[in-house]
Amino acid sequence: MTAVPAVALRGVTKRFGASVAVEPTDLDVSDGEFFSILGPSGCGKTTIMRMIAGFESPTAGTIALDGRDVVGVPTRRRDLNMLFQSYALFPHLSVEDNVAFELRTQRVPRAELRERVAAALDLVQLGEYRGRKPQELSGGQRQRVALARAVVGRPKVVLLDEPLGALDQRLRKDMQFELKRMQRELGITFVYVTHDQEEALTMSDRIAVMSRGRVLQVGSPTEIYDEPANRFVASFIGTCNLLDATATGGVVRVEGVGAVPAVGATDGDVVVAIRPERIRLLPADAPGGIPGRVVEHAFLGDHWLAKVVVGAAVAPMQVQVPAAEGARLLRGIEDGAEVALDWSAADARVLPAEPAASSTRTQEVAA
Ligand SMILES: Nc1ncnc2c1ncn2[C@@H]1O[C@H](COP(=O)(O)OP(=O)(O)O)[C@@H](O)[C@H]1O
Ligand SMILES: [Mg+2]
């Protein structure tokens, strides 16, 4: 087995004038992987994609595709294809001819061309629509044509930059599963950019979480959800309660509460990160529980949500309560009622209090 990454970035940096869009970045995308770059708008995702594609040159660093250094190599000579949100189909060509266009310019023999176009259209389930013009298709179908066109040449890597951004929520969800299925069937490496954490979790083998030009963590969906490396990743992926705390010799204390279950490796100011579904809601008199007050609660069908203030914390903790537990402890209670919380030390991650500071960046906009 060779382990040459399909895409490898080393020290890749991009400056626009005085501002840094991408801080020095190392990334390895494995062959055949569905790899996502996830982060809020303005964090540098598109800039990284444009450098991989060859539309922008890095200010510093190297990019290798399949082990070959490609800095300076024009886009058309990189073994990749792209699908961006603002893709354009040829309006006067049929679905089939849109997909065949690139193969024709490459003078692929007729029989092979027909076979490959048919296979690509089958893959996106548009075989029956091969004769239609783009304007006779729905938005989702047009997007699939663009996808068929991006993969028909069997590139080593396909770059997808928020390709589902223009679709409505329902169609997005369907397309997420479809994209993943197609990627598996094709065995092509996908590098996928999104600001939507659920989308990244649904599809990816691994995710790089970015903020302000930096990759903060790379991991599988479960790794970044269960073992966030810092405060930003913890709060950007799903919902996470963050408690300011102080760690001394492995004991983690929250002001106004005292010691809480958590295993801290570092001493000093820390943040305890704990997911709503990992917290148990208990009656106020439960032994060993952390006392709190319910300030809001709601029944959400398959579970209840309670907001519970503990200690001197200003923000209430969000607690996801299983339906049966909620019916017993929350149904009919007054807000302000006393309860207790508990969680396992293993579910409470102790993170550095401050995220890594970044210098010259312009303020990023929340997605
Ligand atoms: N051509 C450019 N000239 C100047 N600044 C740019 C250019 N392209 C992107 N930027 C800036 O770089 C940062 C990252 O942008 P971008 O990569 O598009 O973010 P994302 O795709 O994550 O939303 C932003 O602050 C953006 O304004
Ligand atoms: Mg972008």
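Each ligand, and each atom within it, is numbered from 1 in the order the structure gives. For reference, positions follow the sequence shown, starting with 1.
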Participant: Taking atom CG of Leu147 and atom CZ of Arg142, what is their separation to the nearest 0.5 Å?
Facilitator: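 Output value for this atom pair is 15.0 Å.
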Participant: Below 3.5 Å, N or O to N or O, backbone or side chain included: is there any such pair between Thr46 and ligand 1?
Facilitator: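 There is such a contact, yes.
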Participant: Check the hydrophobic clustering (I, L, V, M, F, W, Y; side-chain heavy atoms under 4.5 Å; chains of links allowed) and say if Leu113 and Leu123 are grouped together.
Facilitator: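 Yes: a chain of side-chain contacts under 4.5 Å links Leu113 to Leu123.
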Participant: When clusters are formed by joining ILVMFWY residues with side-chain heavy atoms under 4.5 Å apart, either directly or through shared neighbours, do Leu351 and Ile279 land in the same one?
Facilitator: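 Different clusters: Leu351 never reaches Ile279 through Ile, Leu, Val, Met, Phe, Trp or Tyr contacts under 4.5 Å.
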Participant: Against Leu38, only a single residue in Asp196, Thr194, Val233 fulfils side-chain contact (heavy atoms from CB on, under 4.5 Å); can you say which?
Facilitator: Thr194
Participant: Tell me which one of Gly213, Gly17, Cys43, Gly42 gets a heavy atom nearest to atom 24 (C) of ligand 1.
Facilitator: Gly42
Participant: If the cut-off is 2.8 Å, does any N/O/S atom of Thr46 fall short of it from the Mg ion (ligand 2)?
Facilitator: yes
Participant: Taking distance alone, with no angle check, do Phe16 and ligand 1 share an N/O pair under 3.5 Å?
Facilitator: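 Among all N and O atoms of Phe16, none is under 3.5 Å from an N or O of ligand 1.
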Participant: Which of the numbered atoms in ligand 1 are under 4.0 angstrom from any heavy atom belonging to Thr47?
Facilitator: 9 (C), 14 (C), 15 (O), 16 (P), 17 (O)
Participant: Does Gly39 reach ligand 1, in the sense of a heavy atom lying below 4.0 Å from it?
Facilitator: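 Heavy atoms of Gly39 never come under 4.0 Å of ligand 1.
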Participant: Please determine, by modelled atom types, if Thr248 and Asp267 share a side-chain donor-acceptor pair under 3.5 angstrom.
Facilitator: no
Participant: Near Ser41, which atoms of ligand 1 are under 4.0 Å from a heavy atom of that residue?
Facilitator: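 It comes down to these atoms of ligand 1: 23 (O).
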Participant: Tell me whether Ala21 has any N or O atom under 3.5 angstrom from an N or O of ligand 1.
Facilitator: no
Participant: Between the side chains of Glu199 and Tyr192, does any donor sit under 3.5 Å from an acceptor?
Facilitator: yes
